Amino acid sequence: MGERYARIKGEDEAVAIAINEHYMPRHAEDNVPSSEIGAIVSVAEKMDTIIANFAINNIPTGSQDPYALRRQASGIVQILLEKKWQISLESIIDLALEPIMEQGFAKREAAEIKTDLISFFEARIKHHLSEKEVRYDLIDAVLTGEIGVVSSLVNRALVLEKAKGEEGFKETVEALSRVMNIAVKLEEAPKVSVELFENDSEKALYNEYVAMKEQYELTSDEEKHFALLASLQGAIEQFFEHTMVMSDNEALRYNRLSLMKEVAEVIKSFAFMNKVLVL
């Protein structure tokens, strides 16, 4: 009716459509808004409602969700998946949280509210991926760390689900996990110095990593991202075969850990591969 009234009142057609569409999706099977304006207003309105409730401790518990906040969060996820907007969920939360905190009615600190909101949306995304029959450990792998762009995160989980039965998946996961596991031994990574490389396996891994990262940053295709990461498997295996990372020589040790840290950062941007079970 709002859409009809808007037309009668002579509102712009885009405004009239958005008035109707901002309620969408009304349920799990409903369509998302077709117009960009309708989608933006829908996300803004739903996020405002969710955050305002969280700010005053009206948080769904168990089966209790009197304000249908889970449904509204799922609606936001549906829209972000459909529209593929390149904005992180964390940024959307920040944009919506700021004016609510400025109004002064929140009963909690902004950081605490945001932490609970992230967990709330993670549960909605996890539910979506479970319905897509993505294995639980693969969901955990992409949901460790920040959520980021929702459509990218979901696509990464689907890529892993598809790849898990392919030849070489186990070996790829083991190689990438090994890099991540040893990289945690260094908190602050100094710049890698090629002059400190002692053997060909160090040089080879570094050169392949640099070339891979350049290609990685040129594409947003998650299948290509995983293929690029998988291409490092041989170089990683050779590196660990011929290189003692935890050398007694401090300069060599820090340089090798820095290389591991750099490679691990790219791996983590795709998924925490050390969360993946190799069966």
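For reference, positions follow the sequence shown, starting with 1. For clarity, every value in this text was computed on a predicted model and none was experimentally measured.
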Engineer: I'd like to know if the side chain of E214 and the backbone of A211 have a donor-acceptor N/O pair within less than 3.5 Å.
Structural biologist: no

Engineer: Flag yes if more than 12 heavy atoms outside Q103 fall under 6.0 Å of its CD atom; otherwise flag no.
Structural biologist: yes

Engineer: Between S201 and E241, is any side-chain donor less than 3.5 angstrom from a side-chain acceptor?
Structural biologist: no

Engineer: Where the side chain of E217 meets the backbone of Q215, is there a donor-acceptor pair that is under 3.5 Å apart?
Structural biologist: no

Engineer: Between E222 and K162, does the salt bridge (Lys or Arg N to Asp or Glu O under 4.0 Å) criterion hold? Intermediate values first, please.
Structural biologist: CA-CA 12 Å; E222 301 300 355; K162 179 183 174 183; over 6 Å; no

Engineer: Counting neighbours of CD on E174 that are heavy atoms of other residues, nucleotides or ligands and sit closer than 6.0 Å, is the number greater than 12?
Structural biologist: yes

Engineer: Check the surroundings of atom CD in E166: do more than 12 heavy atoms from other residues, nucleotides or ligands lie under 6.0 Å from it?
Structural biologist: yes

Engineer: Taking C-beta and beyond as the side chain, do V192 and N255 meet within less than 4.5 Å on heavy atoms?
Structural biologist: yes

Engineer: Contact between W85 and V149 at the side-chain level, heavy atoms closer than 4.5 Å - yes or no?
Structural biologist: no

Engineer: Is the backbone N or O of G75 less than 3.5 Å from a side-chain atom of K46, with the two atoms forming a donor-acceptor pair by type?
Structural biologist: no

Engineer: Quick one about N249 and S247 (side-chain donor to acceptor, distance below 3.5 Å, no hydrogens or angles considered), yes or no?
Structural biologist: no

Engineer: Please test R256 against M246 for side-chain contact (heavy atoms from CB on, under 4.5 Å), starting from the C-alpha separation and ending with a verdict.
Structural biologist: CA-CA 8 Å; R256 289 165 181 170; M246 304 306 289; over 6 Å; no

Engineer: Under a 4.5 Å cut-off applied to non-hydrogen side-chain atoms, are L153 and R156 in contact?
Structural biologist: yes

Engineer: Kindly work out whether a path of hydrophobic side-chain contacts (I/L/V/M/F/W/Y, heavy atoms less than 4.5 Å apart) joins I87 to M47.
Structural biologist: yes

Engineer: Without placing hydrogens or testing angles, list every side-chain donor-acceptor pair under 3.5 Å for residues 269-279, not counting sequence neighbours.
Structural biologist:
{"from": "S269", "atom 1": "OG", "to": "Y216", "atom 2": "OH", "distance (Å)": "3.4"}
{"from": "S269", "atom 1": "OG", "to": "V266", "atom 2": "O", "distance (Å)": "2.6"}
{"from": "N274", "atom 1": "ND2", "to": "N181", "atom 2": "OD1", "distance (Å)": "3.0"}

Engineer: Is there a side-chain contact (heavy atoms from CB on, under 4.5 Å) between Q238 and L205? Walk through the geometry before answering.
Structural biologist: CA-CA 8 Å; Q238 286 300 305; L205 176 57; over 6 Å; no

Engineer: I'd like to know if the side chain of S42 and the backbone of G38 have a donor-acceptor N/O pair within less than 3.5 Å.
Structural biologist: no

Engineer: Check this for me, if you would: do K126 and E122 make a salt bridge, where the nitrogen-to-carboxylate-oxygen distance has to be below 4.0 angstrom?
Structural biologist: no

Engineer: Do any N or O atoms from the side chain of E21 and from the backbone of S34 form a donor-acceptor pair under 3.5 angstrom?
Structural biologist: yes

Engineer: Do NZ/NE/NH1/NH2 and the carboxylate oxygens of K261 and E187 come within less than 4.0 Å?
Structural biologist: no

Engineer: Does H22 reach the main-chain N or O of I19 with its side chain, forming a donor-acceptor pair under 3.5 Å?
Structural biologist: yes

